[in-house]
Amino acid sequence: MPHMTIEYSANLDAGVDMAGLCTLVSRTILETGLFEPGAVRVRAFRAEAYAIADLLPENGFIDMNFRIGKGRSAEEKKRTGEAIFAAVSEYLAALFTTPHFALSLEIREIDAELSWKKNAIHPRLRGK
């Protein structure tokens with residue numbers, strides 16, 4: 001159950017291809033070899049209202065929240081986070097040339113006893 005939620009400030013719309021970013025993150029998650037393709041979800045949500053740091057209108061952010069099921073070692077989780085963060089940092093390199101951008105990533109483990117899922121995609125992809 002690797003689900004990545006990307007929240008971003010609306011002022012990034014003009015300069016960042018969010019669909020491309022979602023594809024990059026999905027591909028990077030799969031390249032770790034730790035997650036089944038049928039379970040990966042990556043989605044981006046635009047924040048219309050936000051206040052960042054010193055409130056300059058050019059300040060922008062991307063906050064990534066990666067929820068995963070239990071069962072991976074601390075090293076595997078760290079390696080995954082580093083791979084995602086490096087890929088996204090490279091993709092957004094132009095934003096780091098200004099003093100107005102912040103990027104963050106957090107990995108959270110989901111308690112399986114408090115998580116319900118039903119997935120018709122798994123059987124199709126596992127049958128390949």
Side-chain angles (χ1 to χ4, degrees):
M1 157 145 197
H3 286 214
M4 174 69 81
T5 302
I6 301 169
E7 183 182 0
Y8 67 96
S9 55
N11 63 346
L12 297 180
D13 276 343
V16 178
D17 173 7
M18 288 299 166
L21 179 61
C22 289
T23 299
L24 170 72
V25 171
S26 178
R27 193 173 25 237
T28 304
I29 290 167
L30 289 170
E31 287 171 357
T32 67
L34 296 172
F35 307 98
E36 283 193 79
V40 175
R41 310 280 186 278
V42 180
R43 50 207 178 252
F45 297 98
R46 181 179 200 254
E48 289 287 335
Y50 52 90
I52 304 168
D54 56 356
L55 306 178
L56 292 176
E58 57 269 33
N59 290 345
F61 76 90
I62 291 179
D63 175 54
M64 299 180 288
N65 187 341
F66 191 40
R67 297 177 308 138
I68 63 173
K70 291 186 181 190
R72 284 145 198 104
S73 70
E75 178 55 38
E76 289 171 327
K77 289 182 277 191
K78 184 175 182 182
R79 186 169 32 92
T80 298
E82 288 172 348
I84 294 167
F85 202 80
V88 172
S89 293
E90 182 178 332
Y91 187 82
L92 301 172
L95 294 176
F96 288 106
T97 64
T98 74
H100 301 285
F101 179 66
L103 175 65
S104 59
L105 166 64
E106 181 178 2
I107 297 177
R108 298 178 182 182
E109 282 190 335
I110 298 165
D111 182 342
E113 291 184 27
L114 300 174
S115 179
W116 296 262
K117 295 173 244 6
K118 192 171 188 175
N119 185 337
I121 299 171
H122 275 309
R124 177 176 53 84
L125 293 179
R126 288 176 182 159
K128 286 187 173 182

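This chain uses plain numbering: 1 for the first residue, then up along the sequence. No hydrogens, no waters, no symmetry mates; every other heavy atom, side chains included, goes into these values.
- K78 and E76 are not joined by a salt bridge, as no carboxylate oxygen comes within less than 4.0 angstrom of a charged side-chain nitrogen.
- Looking only at side-chain heavy atoms (C-beta outward), N65 and M4 stay at 4.5 Å or farther from each other.
- S89 and L103 get closest at one heavy-atom pair: OG-CD2, 3.6 Å.
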Show your working on side chain to side chain contact (heavy atoms under 4.5 Å, CB included) between I110 and K70 and close with a plain yes or no.
-> CA-CA 7 Å; I110 298 165; K70 291 186 181 190; over 6 Å; no
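- Put simply, the side chain of Y91 reaches to within 4.5 Å of the side chain of L21, judged on heavy atoms.
- Pairing each heavy atom of S26 with each of V40, the nearest pair is OG-CG1, 3.7 Å.
- Looking only at atom types and distance, the side chain of Y50 has no donor-acceptor partner in the side chain of N59 under 3.5 Å away.
- R43 has its side chain within reach of H3: a pair of non-hydrogen atoms, C-beta onward, lies under 4.5 Å apart.
- A donor-acceptor pair under 3.5 Å is absent between the side-chain atoms of T97 and the main chain of A93, judged by distance alone.
- The pair E109-R72 does not meet the salt-bridge criterion, since no charged nitrogen lies less than 4.0 angstrom from a carboxylate oxygen.
- Aromatic pair F61/F101: ring centres not closer than 6.0 Å.
- Side-chain contact check for D63 and S104: at least one donor-acceptor pair (N or O, by modelled atom type) lies under 3.5 Å.
- In this structure, F35 has its ring center under 6.0 Å from that of F66.
- The side chain to side chain contact (heavy atoms under 4.5 Å, CB included) test with M64 singles out one residue from V42, I107, I6, and that residue is I6.
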E7/I62 under side chain to side chain contact (heavy atoms under 4.5 Å, CB included): CA gap, chis, key distance, verdict | CA-CA 6 Å; E7 183 182 0; I62 291 179; over 6 Å; no
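- Within 6.0 Å of CD in E106 there are more than 12 heavy atoms belonging to other residues, nucleotides or ligands.
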